[in-house]
Amino acid sequence: MTNLAESEHVTVPPRRVPGQPDMWLFVLFEAMLFTGYFSVYLALRTQNEDLFLQSQADLDLRVGVFNTIVLLSSSWAVARCVRAARAGQYRSAMTFAAATVGFGVVFAIFKVGEWIHEIRLGNTFTSSEFFQHYYFLTSLHLIHVLIGFIVLGVLIYQLRSPLRRSQELVETCATYWHTVDFLWVMIFAMLYIVR
């Protein structure tokens, strides 16, 4: 008589990284690119600490915190989208994907509003070295957000039809959006928090 544990064959699905491997290469490239830029920023900051602190004081921390909360909420929504798609709840997945877009739009509106406010205060791209970095990093990030809208549009389009649905695509799109959110958290810490 064989042992019950021996007779039961449990199949464990192989572990895999979610999404397409190409997206993870992109994530790695972006991480290396931004790490390099953050290193340059920190090195320049240590050389001109007073100038950076004085310029940084003009940023509204409340807007930075609000935008961070909005993008973290968007990450939660896209994670819920992935989970719903895995469960076959595609209507719910589309709702969470649309919520992710909504959070992204709110972020973009507040970021542009912050730029307008800073420019009215006289803080332009050429007013100080700090604001050169501020506008460069936040503009580069906003471009990633705008690309993210296209990615999320593709995601919603794919989810709408049973013939086009692909869990791998859902996870790939979510990975891109999480990367955008992660980059913002790093930018927020560097520009608004580090003193």
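Computed over heavy atoms, backbone and side chain alike; hydrogens, waters and symmetry mates excluded.
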List for me each residue that meets salt bridge (charged side-chain N to carboxylate O under 4.0 Å, His left out) alongside Arg62, sequence neighbours excluded, and say none if there are none.
Asp60
Quiz question: by atom type and distance under 3.5 Å, do the side chains of Ser75 and Trp177 form a donor-acceptor pair?
no
Looking at Phe182, I'd like to know if its CZ atom is crowded, meaning that more than 12 non-hydrogen atoms belonging to other residues, nucleotides or ligands lie closer than 6.0 Å.
no
Give me the atom names and distance for the closest heavy-atom approach of Cys81 to Ala93.
SG-O, 3.3 Å
So, do Asn123 and Ser128 sit near enough that their side-chain heavy atoms are less than 4.5 Å apart?
no
Could Arg45 and Phe130 be counted as a cation-pi pair, given that NZ or CZ must be under 6.0 Å from the ring centre and within 45° of the axis?
no
Do Arg83 and Gln89 have side-chain N/O donor and acceptor atoms under 3.5 Å apart?
no
Check: Glu30 and Leu183 side chains under 4.5 Å, non-hydrogen atoms:
yes
From the options Thr138, Thr68, Asn67, Leu137, select the one residue that forms a side chain to side chain contact (heavy atoms under 4.5 Å, CB included) with Phe188.
Thr68
Does the side chain of Thr100 pick up a donor-acceptor pair with the side chain of Ser74 at under 3.5 Å?
no
Kindly indicate whether the side chain of Gln56, heavy atoms from C-beta on, has any atom under 4.5 Å from the side chain of Leu61.
no
Using ring-ring contact (aromatic ring centres under 6.0 Å, His included), reason through Tyr37 and Phe136 one step at a time and then give a plain yes or no.
CA-CA 10 Å; Tyr37 192 82; Phe136 176 77; 4.9 Å; yes
For residues His144 and Tyr176, is any side-chain donor paired with an opposing acceptor at under 3.5 Å?
no
Flag for Glu114-Tyr134: side-chain donor and acceptor within less than 3.5 Å:
yes
Is Val101 reachable from Val151 through a run of I, L, V, M, F, W or Y residues, each pair having side-chain heavy atoms under 4.5 Å apart?
yes
When rounded to the nearest 0.5 Å, the distance separating CD1 of Ile156 from CZ of Phe96 is 13.0 Å
